[in-house]
Amino acid sequence: MSRILITSALPYINGIKHLGNLVGSQLPADLFARFCRARGHEVMFICATDEHGTPAELAAAKTGEDVAAYCERMHRVQAELAHGFRLSFDHYGRSSSERNKRLTQHFAEKLAENGFIEEVTERQVYSRADGRFLPDRYIEGTCPNCGYDRARGDQCENCTKQLDPTDLIDPRSAISGSTELEVRETRHLYLRQSLLKDEIDAWIDSQQDWPVLTTSIAKKWLHDGDGLQDRGITRDLSWGVPVKKGDAPWPGMEGKVFYVWFDAPIEYIGATAEWADAHGLDEAAWRRWWRTDEGAADVRYVQFMGKDNVPFHTLSFPATLMGSREPWKLVDYIKSFNYLNYDGGQFSTSQGRGVFMDQALEILPADYWRWWLLSHAPENSDSEFTWENFQASVNKDLADVLGNFVSRVTKFGRARFGEAVPEGGDFGPAEEALLAALTPRLRAYEAHMEAMEIRKAAYELRAIWAEGNEYLQAAAPWAVFKTDPAGAAAIIRLSLNLIRLYAVLSQPFIPDASAAMMESLNCDDWRWPGALPDALSTLPAGHAFVVPEVLFRKITDDEREAWQARFAGLRS
RNA sequence: GGGCCUGUAGCUCAAUUGGUCAGAGCAGAGCGCUCAUAACGCUUUGGUUGGGGGUUCGAGUCCCUCCGGGCCUACCA
């Protein structure tokens, strides 16, 4: 047994996430966490809402709420949806927590003590009408290059030219449209990542078998151009972690907050501390996960995220931890994902294109989504959601292969022997063939799960389900029963045990269906299988069971067409 | 512009990382079964591995080039 720390990239507080966001971090992290727990490891699975920054302030302003109230409300919404998808976080924290404030200020103090903070005076655009400094992309104007009149201050979307906000002709605030803009001087803290470039580079080089996606992005940032650039870690906003040097004021930084990308990853630690607080535990309880001098030396730390998050997790956050010169636990493995597209295009929050987490749960149970998303996870390249594929996969895999197997076994058993595991009979060649086929598949499934090869694991699991149907066909208890009832009893006894095995193995992918299978078997033995003959004799003769409700009803063509139309765009 | 990823049967994806593997699932076709959610099982039809060139005894697997798809490029998070 080992100790495994798992974090999922933090979903931003601004609105409900779509299926692409879900499959890019939280869902695969949950799969891995569930698998590790099932194998008997001690797991700490952490996630949180990322609550600071300009978009949160603007979203709150739009609904007329105070930003703190808005975040609290949206945190609840997201936590509820996470629960709906059965995401098994040990703690779902908030980056606005007191814990995170203190940790963020602590890291800033340590970084400053060690010479990794520099104060820089820069010039930024200030909007008098909005009463705030504007990030580059919140300034719009006419592109000096192509004349496009809605170019953003960081880049023109029309001609893709990189811009500086002061390049724009007739610049205006993208928030209010106001043209009362002026350039003001403001002072900010920079994280001197460049000083840690070689250290980070060596650390990346020392990692084994990271996905190409992860290392190539990190290497690009480390070696491109002048190498790793220093990065501003403060902003002129009111909503965020106040800039302080530990507990002490930071002269010249009054009224400023840390940049969300500085405090968000620190919330991985903060949320673990929040977990301890929520359970009435002491400091040591969370520090043993994060401080290598206090017990975390033997922890394996795995992060899950979409590719857009990779630079921050391979560079900035490690720089923060390393620069503190304190023994904080660094990540051991980064599992990164490409994007999931929606039916020929991208998911779009603004256009309401694609399926969002709340809508998904309205129309189908979580297991349907979990299975499709995980078995089609965008591991090697961007992948695409289509309703045809979704309907076909889910109906075939879940309803026909798995659900129907449970159905045919329990119904036949009940009809011939009553609702108890039947006794008698001997095993023969069909059973030997089943075990011979199942054992290597089980080991392959375990290996793929350990390696976080998600699609491969899903296909192996499906093959394991299919073995049940092949076995039934070969053993044919309905035929055997006519001449040898005891022989048929043995087949059904084994098949009922097979259902239990499937419940255990499938639980990381489809937890609700697994629970339903176990409940119908009147069983609570979730032990992961060792030797199959043992695992398949867990339910003894005489053990009561019931025929469960249909595990997975099929998606009809009418439903598919209706959903296709409903989610094509313009969310109501 | 620069960098990275990707293009394998109608669809979704595999190929121990140059060596009998060009494969699986779905879809299609045929047969079988009747316990079951018109479900299941068996057999089977599909590919000059995007095009072209090269290295090699041998290339989806390496190199060059062309074509297509995607991502990143540091003040959105």
Side-chain angles (χ1 to χ4, degrees), chain A residues 9-14 50-56 58 122 124-125 133-139 152-155 160-162 164-165 174 188 193 211-213 215-217 219-221 223-225 228-232 235-236 259-261 264 306-312 315-316 338-339 341 346 375-376 378-384 386 388-389 392-393 395-416 455-456 458-459 462-463 466 468-481 488 491-492 495 547 549-554:
Chain A
L10 308 188
Y12 195 66
I13 194 69
N14 177 18
D50 176 13
E51 305 191 359
H52 298 311
T54 309
L58 297 180
E122 51 188 34
Q124 289 202 338
V125 175
F133 282 93
L134 297 176
D136 291 355
R137 70 166 44 197
Y138 283 101
I139 301 158
R152 291 188 321 211
D154 56 342
Q155 184 178 38
T160 73
K161 185 178 170 58
Q162 306 269 338
D164 188 274
H188 282 296
Q193 306 182 119
V212 207
L213 189 62
T215 46
S216 64
I217 292 173
K219 286 294 183 182
K220 172 75 192 322
W221 283 52
H223 301 301
D224 193 42
L228 188 58
Q229 301 297 298
D230 293 340
R231 206 177 165 97
R235 291 290 183 274
D236 288 294
Y259 176 41
V260 281
W261 261 114
K307 57 186 167 189
D308 51 332
N309 274 332
V310 169
F312 302 99
L315 307 168
S316 310
N338 287 285
Y339 293 143
N341 290 316
Q346 298 192 326
S375 62
H376 294 79
E379 289 174 294
N380 296 327
S381 59
D382 291 354
S383 65
E384 176 169 322
T386 63
E388 287 83 359
N389 188 303
S393 299
N395 284 355
K396 193 68 193 173
D397 299 347
L398 297 182
D400 294 346
V401 177
L402 176 62
N404 183 53
F405 175 77
V406 172
S407 224
R408 63 197 296 210
V409 168
T410 54
K411 285 184 178 173
F412 181 84
R414 177 178 64 183
R416 297 292 186 277
R455 278 177 311 182
K456 288 182 181 175
Y459 291 133
R462 193 202 117 103
N469 286 313
E470 290 172 33
Y471 165 66
L472 274 190
Q473 188 65 32
W478 50 89
V480 172
F481 183 81
I491 295 165
I492 294 305
S495 297
V547 173
E549 293 295 308
V550 165
L551 280 182
F552 299 99
R553 70 167 187 82
K554 294 203 194 188

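Labels below follow one simple rule: chain letters A, B, ... track the order of the sequence lines, proteins then strands, and each chain is numbered from 1. As a basis for the values below, the full set of heavy atoms in this structure was taken, side chains included, without hydrogen atoms, waters or symmetry mates.
Taking every side-chain heavy atom of A/Gln473 into account, B/C40 is the closest of B/U37, B/C40, B/C26. Each of B/A15, B/U37, B/C26 was ranked by its minimum atom distance to the side chain of A/Phe552; first place goes to B/U37. Comparing atom distances between the A/Glu470 side chain and each of B/G41, B/A77, B/C75 picks out B/G41 as nearest. The side chain of A/Arg455 approaches B/C13 more closely than any other nucleotide in the set B/A77, B/C13, B/C75. Listed nucleotides B/U37, B/C40, B/A74 differ in distance to A/Trp221; the shortest reach to its side chain belongs to B/A74. Taking only side-chain atoms of A/Asn389, from C-beta outward, the nucleotide of B/A77, B/A14, B/U12 with the closest atom is B/U12. Side-chain proximity of A/Lys220 to B/C72, B/A74, B/C35: nearest is B/C72. Of the candidate nucleotides B/A36, B/A39, B/A77, B/A39 has the atom lying nearest to any side-chain atom of A/Lys554. Taking the side chain of A/Tyr138 as heavy atoms from C-beta on, and the options B/U37, B/C76, B/C40, the nearest nucleotide is B/C76. In this structure, of B/C13, B/A36, B/A15, it is B/A36 that holds the atom nearest to the side chain of A/Asn404.
Comparing A/His52 and A/Lys307 along RNA chain B, the residue whose closest nucleotide (by nearest heavy atom) sits nearer the 5' end is A/Lys307. Comparing A/Ser375 and A/Asp400, the nucleotide of RNA chain B nearest to each residue sits closer to the 5' end for A/Ser375.
Separation of the P atoms belonging to B/C66 and B/A27 is 42 Å when rounded to the nearest angstrom. Here the separation of B/U44 from B/A39, taken at their P atoms, is 23 Å to the nearest Å. Going from the P atom of B/G47 to that of B/G41 covers 26 Å, rounded to whole Å. With both ends at atom C1', the span from B/G3 to B/G19 equals 33 Å, rounded to whole Å. Atom P of B/C40 sits at a distance of 25 Å from the matching atom of B/G46, rounded to the whole Å. For the P atoms, the distance linking B/U17 with B/G1 amounts to 37 Å, nearest Å. For the P atom pair drawn from B/U49 and B/G10, the interatomic distance equals 12 Å after rounding to whole Å. Taking atom P on both B/G23 and B/U16, the two are 14 Å apart, rounded to the nearest angstrom.
Remark: the backbone N or O of A/Arg152 is not paired with any side-chain donor or acceptor of A/Asp136 at under 3.5 angstrom. Although no hydrogens or angles enter the test, the distance criterion places a donor-acceptor pair under 3.5 Å between the side chain of A/Glu379 and the main chain of A/Arg455. Side-chain atoms of A/Ser495 never come within 3.5 Å of backbone atoms of A/Val409 as a donor-acceptor pair (strictly under, hydrogens ignored). Although no hydrogens or angles enter the test, the distance criterion places no donor-acceptor pair under 3.5 Å between the side chain of A/Glu384 and the main chain of A/Asn341. Without hydrogens or angle criteria, A/Tyr471 side chain to A/Ala476 main chain gives no donor-acceptor distance under 3.5 Å. In this structure a side-chain-to-backbone donor-acceptor pair under 3.5 Å is present from A/Tyr12 to A/Ala56.
One cannot find a donor-acceptor pair under 3.5 Å joining the base of B/C26 and the side-chain atoms of A/Glu388.
No hydrogens or angles considered: a donor-acceptor pair under 3.5 Å links the side chains of A/Asn389 and A/Ser393. At a cut-off of 3.5 Å, with distance as the only test, a side-chain donor of A/Lys307 or A/Asn338 sits close to an acceptor on the other residue.
With a cut-off of 3.5 Å on both pairing distances, the Watson-Crick or G-U wobble partner of B/C4 is B/G70. The partner of B/A29, taking Watson-Crick or G-U wobble pairs whose two distances both stay under 3.5 Å, is B/U43. Base pairing analysis places B/A36 opposite nothing; no Watson-Crick or G-U wobble pair with both distances below 3.5 Å involves it. Pairing for B/U56 is absent, with no Watson-Crick or G-U wobble pair whose two atom distances lie under 3.5 Å.
When heavy atoms are screened at a 4.0 angstrom cut-off, A/Phe405 is found touching no nucleic acid atom at all. Note on A/Gly232: nothing from the nucleic acid sits closer than 4.0 angstrom, heavy atoms only. Within the nucleic acid shown, A/Lys456 comes within 4.0 Å of sugar-phosphate atoms alone, with no base atom in reach, counting heavy atoms only. Among the protein residues, A/Gln124 comes within range of the nucleic acid bases, having at least one heavy atom under 4.0 Å from a base atom. Backbone-only engagement by A/Val260 is indicated by non-hydrogen atom pairs under 4.0 Å involving sugar-phosphate atoms exclusively. If you check every strand for non-hydrogen atoms under 4.0 Å, A/Ile492 touches nothing. Counting non-hydrogen atoms under 4.0 angstrom, A/Asp308 reaches a base of the nucleic acid. When heavy atoms are screened at a 4.0 angstrom cut-off, A/Glu122 is found touching base atoms of the nucleic acid. Counting any heavy atom pair closer than 4.0 Å across all strands shown, A/Pro55 reaches sugar-phosphate atoms only and no base atom.
Of the side-chain N and O atoms in A/Tyr339, one or more sit less than 4.0 angstrom from OP1 or OP2 of B/C72. Not one side-chain nitrogen or oxygen of A/Tyr471 sits closer than 4.0 Å to the OP1 or OP2 atom of B/G41. A/Arg231 has a side-chain polar atom (N or O) that falls below the 4.0 Å cut-off from OP1 or OP2 of B/C75. Proximity of A/Lys219 to the phosphate of B/C5: no side-chain N or O atom is located under 4.0 Å from OP1 or OP2. Residue A/Arg137 places none of its side-chain N or O atoms closer than 4.0 Å to OP1 or OP2 of B/C75.
Using the six-membered ring where Trp is involved, A/Phe412 and A/Trp478 have ring planes that are perpendicular, over 60° apart on the 30 and 60° scheme.
Glycosidic conformation of B/U17 is syn; the angle stays within 90° of 0. Base orientation of B/G60: syn (glycosidic angle within 90° of 0).
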